[in-house]
Amino acid sequence: MDSHPLILKGLTAIFDKCIDIDVIGACDDSVDLLNTMKSTRVDVILLEYFLDSSDQDAAEIIPILRRRHPGTRIIIFSASQDPSIAALALRLGAHGFVSKNAHEDVLLNALRRVHAGGQFIDPAIRHLLPDSLSPIYPVASHGDHAGKRIQALLDSAKLSPSERIVVKTFVSGINVMEIAARLQKSPKTVSTQKAAAFRKLGVSSDSGLFRLISSTSEPY
């Protein structure tokens, strides 16, 4: 799925040359995609991360697809090479990430590997991602939603005990200086632990962290 008609035509032309790839359909927005999925079995979806401003982005669509169509596999296809975007997509349940700058052979390799049950990350950004990219565990639909989302996130990233404490305290609304005072550590130590946690989580900013937490609210 892509919101740019020329890209859709170009992708279709590439896939038409492959005898092992059948194009079921091309959708230009999330509503069209979700409606198509109601009546059509799809093995792999190639999904643009950023769509038009009026539409949902992949962070919203991936959990919906995972919940409604657990057998369908998802590859994010994006102009962005921001590693935090790739990490977020993979934690939310995508099975692959390919940059639009990649050669068509990379894209075809990704489709075939993901279809076969594997994971594929564009080699151009793989070295920039955290070592651990385990999907965030399903979140229960009752009880302490925020607490369970944060716990699932921390479990998936394999944070150290100190990093866990810093992140959990930070997302509760307490700043670095206050965290340092509470933990009887220097602000520099707390900032270092926060930065290390961000790298493992695959986010690059405070807003990225809060977005990642909020995106885990939909169970697969």
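Residue numbers count from 1 along this sequence.
One finds the CD atom of Gln119 at 12.5 Å from the CZ atom of Phe97 (value rounded to the nearest 0.5 Å). Atom CE of residue Met37 and atom CD1 of residue Ile24 lie 10.5 Å apart, to the nearest 0.5 angstrom. If you take CZ on Phe77 and CG on Leu11, they are separated by 5.0 Å, rounding to the nearest 0.5 Å. How far CD1 of Ile121 is from CD1 of Ile76: 12.5 Å, rounded to the nearest 0.5 Å. To the nearest 0.5 Å, the span separating CG on Asp32 from SG on Cys27 amounts to 4.0 Å. The CD atom of Glu48 sits 12.5 Å away from the CG atom of Leu33 when rounded to the nearest 0.5 Å.
No donor-acceptor pair under 3.5 Å is formed between the side chain of Asn109 and the backbone N or O of Asp105. With Arg73 contributing its side chain and Gly117 its backbone, the two residues share a donor-acceptor pair below 3.5 Å. Here the side chain of Arg182 pairs no donor or acceptor atom with the backbone of Thr169 at under 3.5 angstrom. Not one N or O on the side chain of Asp122 forms a donor-acceptor pair closer than 3.5 Å with the backbone of Ile125. Side-chain N or O atoms of Thr72 include one that pairs as donor or acceptor with a backbone N or O of Val42 at under 3.5 Å. For Arg113 (side chain) and Phe120 (main-chain N/O), no donor-acceptor pair under 3.5 Å exists by modelled atom type. Judged by distance alone, with hydrogens and angles left aside, the side-chain atoms of His95 form a donor-acceptor pair with the main-chain N or O of Ile74 at under 3.5 Å.
The pair Lys168-Glu163 fails the salt-bridge criterion, with no side-chain N (NZ, NE, NH1 or NH2) lying under 4.0 Å from an Asp/Glu carboxylate O.
Ala89 and Ile62 make their closest contact through O-CD1, 3.8 Å (heavy atoms, listed as atom of the first residue, atom of the second, distance). Closest approach of Val167 and Ala197 over heavy atoms only: CG2-CB, 3.5 Å. Residues Ser30 and Ile61 share a closest heavy-atom pair of CB-CD1, 3.4 Å. Across Ser162 and Lys185, no two heavy atoms sit closer than the pair OG-NZ, 3.6 Å.
In this structure the side chain of Phe15 reaches within 4.5 angstrom of the side chain of Leu111, judged on heavy atoms. Here the side chains of Leu108 and Ile21 are in contact, with some heavy-atom distance below 4.5 Å.
The closest side-chain donor-acceptor pair between Thr192 and Thr189, if any, does not fall under 3.5 angstrom.
Legend: residues meeting salt bridge (Lys or Arg N to Asp or Glu O under 4.0 Å) with Asp20, ordered by chain and number and at least two apart, are Arg112.
With hydrophobic clusters built from ILVMFWY side chains whose heavy atoms lie under 4.5 angstrom apart, Met177 does not share a cluster with Ile165.
Within a 6.0 Å sphere centred on NE2 of His69, heavy atoms belonging to other residues, nucleotides or ligands number more than 12.
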For Ile45 and Ile75, run side chain to side chain contact (heavy atoms under 4.5 Å, CB included): C-alpha distance rounded to whole Å, both residues' side-chain angles, the deciding distance at 0.1 Å, then the answer. CA-CA 6 Å; Ile45 294 174; Ile75 297 175; over 6 Å; no
